[in-house]
**Q** 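My structure is below; once you've seen it, I'll send some questions.
A note on names: the letters A, B, ... follow the listed sequences, proteins ahead of strands, and every chain is numbered from 1.
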Protein chains: 2
Amino acid sequence: MSKVDASEKSLTGRKRQRVTIADVARQAGVASMTASRALNRPEMVSAELRVRVLHAADALNYIPDRAAGGLASGTGLVLPVLVPTLHHSVYVQILEGLQERLPDAGYQLMLGSTEYSPAREEQLVEAFLGWRPSAVVLSGLDHTERTSRLLRASGVPVVEIMDLAVEGETGQALDLNIGFSHTRVGEAAATYLARCGYRQIAYAGTLTTLDPRSVRRIQGFQTGLAQLKLPPHLIGRSDQPSSLAVGRELLLSLRRDFPEVDAVFFANDELAAGALFECQRLGIRVPDDLAIMGFSDEEIASHLNPALTTVRIARHEMGRRAAELLLARLGGTLNNPPPIDMGFEIVQRRTTAEPQEMS
Amino acid sequence: MSKVDASEKSLTGRKRQRVTIADVARQAGVASMTASRALNRPEMVSAELRVRVLHAADALNYIPDRAAGGLASGTGLVLPVLVPTLHHSVYVQILEGLQERLPDAGYQLMLGSTEYSPAREEQLVEAFLGWRPSAVVLSGLDHTERTSRLLRASGVPVVEIMDLAVEGETGQALDLNIGFSHTRVGEAAATYLARCGYRQIAYAGTLTTLDPRSVRRIQGFQTGLAQLKLPPHLIGRSDQPSSLAVGRELLLSLRRDFPEVDAVFFANDELAAGALFECQRLGIRVPDDLAIMGFSDEEIASHLNPALTTVRIARHEMGRRAAELLLARLGGTLNNPPPIDMGFEIVQRRTTAEPQEMS
DNA sequence: TCTGCTTTTGATAACGCTAACATCCAAATG
DNA sequence: CATTTGGATGTTAGCGTTATCAAAAGCAGA
């Protein structure tokens with residue numbers, strides 16, 4: 001009763017005394033350093049004191065101030081993760097993969113979505129660096145000059161996911177890197193569709209984003225077509241983010257502008273699904289009249305009628321391994337590992353014809 | 001070759017040196033307090049100094065330490081948001097609504113997903129409170145006793161979303177509340193399906209979660225059926241989270257266990273979509289053989305063939321208004337507003353028959 | 001020129017915590 | 001029995017920032 005808390009008014013009371021570790025220590029009859037140890041390094045403290053301190057902390061509803069702790073110890077256990085969007089389940093699943101191990105290791109994930117804008121990424125990186133992050137997770141390899149500079153200057157470990165640093169194709173990774181080559185995905189898709197017998201093959205996506213990863217997928221796709229001496233077709237809408245509705249629109253403009261096209265590779269499964277719905281509505285037979293291929297193998301792909309041929313990437317796994325990489329780096333047991341290629345896999349379903357062996 | 005630290009003769013340790021505001025001040029030839037002001041309250045400082053300080057800060061890649069700032073000022077501009085999952089686009093869109101205004105006001109959103117577990121929610125609340133949050137956003141009104149206690153003790157403003165505190169139906173809101181009544185949604189769905197002429201109406205969901213909001217939706221649904229003297233049917237799977245695949249399984253067990261059922265209200269659109277895909281596969285005609293109704297009106301609902309009848313809730317709007325509520329509370333211009341009912345709306349599409357006027 | 005203001009700038013002391021070192025005390029050693 | 005030893009506890013000194021108030025500088029009007 002030494003301390004009289006006059007303002008017991010709960011939620012509206014402006015002035016409220018925070019419970020500090022000193023309060024806990026006083027209550028337990030020890031020095032605050034001892035209380036700190038009892039809470040953070042229990043093994044360094046006698047069993048009896050440990051109990052007393054824990055008890056006092058609980059009784060007082062003590063919650064350690066992480067700002068103060070971080071400031072004093074120099075270690076902020078914050079881990080920002082920047083993704084382009086949460087709209088695609090790809091990124092949600094990557095997050096889940098990351099969540100699997102990081103929070104248990106004491107790290108607090110902070111989420112930011114860049115909406116595919118490098119400028120917004122820069123803002124977010126700047127904001128997050130203020131939290132003394134232990135590391136930063138970024139999506140993709142392409143950042144503004146300032147983003148890279150800030151990150152480099154901060155000396156914070158970085159993992160770039162969802163893209164793969166390849167000599168001559170992409171920029172260099174800032175630090176750690178795990179992902180897959182979008183160029184190769186594009187090439188593989190072109191080759192695959194050609195093997196299925198298609199000759200007028202199109203790429204369809206929302207060019208809006210100018211997302212460098214899509215761009216590289218397109219380039220790979222065009223390279224693939226060129227090697228097979230097939231003509232490239234490209235359609236896109238530039239004014240909206242990806243959605244089922246845009247998928248439908250893309251299908252319509254495709255039929256209008258390139259009626260000769262017999263197969264389409266969409267930038268993602270959502271667009272592909274939208275297109276497929278539109279085909280159902282219009283009575284276009286898939287794959288007989290038109291073949292459709294998606295990208296990323298979201299859950300819906302296997303449930304559509306007919307089921308969608310697409311490209312599977314190991315998102316959850318990628319998140320998990322990114323987390324492991326980080327923990328290893330933070331633990332000091334990692335120097336300069338090369339980029340890790342998670343690869344990808346074409347999942348053959350019913351929206352494309354059976355592929356033939358190439359002679 | 002890295003830059004050698006030749007500055008202070010600190011004997012041991014201090015190796016990685018952060019750029020502090022003192023460095024910036026020195027470079028600009030002012031006191032650190034002035035530098036702080038130039039950065040945070042530019043209007044309190046002469047134009048000339050402002051420029052000099054900003055310039056120095058930029059040249060040094062200065063990033064203010066938010067932990068130190070928060071500690072000194074007592075104001076952590078952190079805003080934790082706890083959602084049950086990111087798997088449902090509902091929560092993603094709520095997040096977008098929140099993002100719309102909060103970051104610009106300087107608040108840093110911290111995301112946590114509880115996976116529908118109150119225990120995990122408690123953990124997260126405890127972890128987040130350590131960051132001196134300005135406020136906390138929670139999903140739903142049901143929390144562990146300790147969660148409520150910690151929040152109340154902390155004096156932090158709280159907004160509970162996605163549920164509505166109603167006398168006699170739910171618990172009281174901790175502080176601010178904006179959402180809709182799940183009980184009423186259940187009732188409305190039952191009444192609606194009855195008006196469409198169905199008499200053997202089932203509810204299907206993943207009981208796994210024991211999510212109190214679903215439970216209340218079920219209760220409302222049963223109340224609605226009881227008032228109409230219709231028999232209740234209930235099916236659920238208890239071992240997995242919701243997914244398209246589970247939707248298909250639910251449909252199968254429904255046909256097996258309750259073949260007489262002529263209409264189903266699903267716990268969400270994802271399950272309903274899965275069921276619809278399974279109907280397509282099995283040749284079950286919707287709505288002639290079986291009517292299907294979803295919940296939450298995700299994008300896919302309007303694109304399915306036939307388009308899905310469902311219940312629309314204003315997620316984005318809810319996020320936006322939650323943010324406004326918070327800002328008002330934080331600005332001090334808000335005392336004890338009553339829970340805000342965002343309502344809901346049944347969206348009639350093609351998976352149910354045309355409703356008739358009730359006599 | 002000087003007095004009484006209003007800016008603008010600076011020095012100092014927290015904020016809550018923990019690293020690093022200092023001290024203490026019981027058990028173990030000679 | 002004195003003395004070493006090592007684990008348990010306490011003391012001190014920051015961590016990087018901002019609140020607060022004191023000091024200085026500008027700027028009228030007398």
**Q** Is there a donor-acceptor contact under 3.5 Å linking the side chains of T144(A) and E122(A)?
**A** yes
**Q** Select one nucleotide: of dG10(C), dC15(C), dC17(C), the one nearest the side-chain heavy atoms of R132(B).
**A** dC15(C)
**Q** From CE of M44(B) over to P of dT9(C), roughly how many Å is that when rounded to an integer?
**A** 10 Å
**Q** Just checking G74(B): base, sugar-phosphate only, or nothing, at a heavy-atom cut-off of under 4.0 Å?
**A** nothing
**Q** Looking at E96(B) and R315(B), is any side-chain nitrogen of the basic one under 4.0 Å from a carboxylate oxygen of the acidic one?
**A** no
**Q** Heavy atoms only, 4.0 Å cut-off, all strands: where does A31(B) land among base, sugar-phosphate and nothing?
**A** sugar-phosphate
**Q** Take atom CH2 of W131(A) and atom C1' of dG16(D), then tell me their distance rounded to the nearest Å.
**A** 14 Å
**Q** Whole angstrom is fine here: how far is it from CG in L39(A) over to P in dT18(C)?
**A** 8 Å
**Q** Do the side chain of S113(B) and the main chain of P84(B) share a donor and acceptor less than 3.5 angstrom apart?
**A** no
**Q** For E43(B) and dT6(C), what is the distance between atoms CD and P respectively, to the nearest whole Å?
**A** 18 Å
**Q** Where the side chain of A72(B) is defined as all heavy atoms beyond and including C-beta, which of dT20(D), dT17(D), dC17(C) is the nearest nucleotide?
**A** dT17(D)
**Q** Rounding to a whole Å, what distance do you find between L71(A):CG and dC15(D):C1'?
**A** 4 Å
**Q** Base, sugar-phosphate or nothing for R41(B)? Non-hydrogen atoms, less than 4.0 Å.
**A** sugar-phosphate
**Q** Calculate the interatomic distance between D23(B) atom CG and dT17(D) atom C1'; express it in whole Å.
**A** 13 Å
**Q** Looking at the side chain of L49(A), which of dT9(D), dT17(D), dG16(C) is the nearest nucleotide?
**A** dT9(D)
**Q** In terms of side-chain heavy atoms of M33(A), which of dT11(D), dC17(C), dG16(D) is nearest?
**A** dT11(D)
**Q** How long is the line joining CZ of R26(A) and P of dG16(C), in whole Å?
**A** 12 Å
**Q** It should be established whether S46(A) places a side-chain nitrogen or oxygen under 4.0 Å from OP1 or OP2 of nucleotide dT9(D).
**A** yes
**Q** At less than 4.0 Å, is any side-chain N or O atom of T34(A) found next to OP1 or OP2 of dG10(D)? Yes or no.
**A** yes
**Q** So, OP1 or OP2 of dT18(D): does either fall under 4.0 Å of a side-chain N or O from S36(B)?
**A** yes
**Q** Could you check S73(B) against V45(B) and say which one's nearest nucleotide on DNA chain C is further toward the 5' end?
**A** V45(B)
**Q** Verify the contact: side-chain N or O of R66(A) to OP1 or OP2 of dC15(C), cut-off strictly under 4.0 Å; return yes or no.
**A** no
**Q** Can a side-chain donor-acceptor contact be found between H87(A) and Q93(B) if the only test is distance below 3.5 angstrom?
**A** no
**Q** Of the candidate nucleotides dG10(C), dT17(D), dT18(C), which contains the atom at the shortest distance from the side chain of N40(A)?
**A** dT18(C)
**Q** With a 4.0 Å cut-off, would you call R329(B) and D175(B) a salt bridge?
**A** yes
**Q** Do the side-chain N and O atoms of Q27(A) and H55(A) include a donor-acceptor pair separated by under 3.5 angstrom?
**A** no
**Q** Any N or O donor-acceptor pair linking the side chain of R37(A) to the base of dG10(D) at under 3.5 Å?
**A** yes
**Q** Specify the separation, in whole Å, of atom CG of D65(A) and atom C1' of dT17(D).
**A** 13 Å
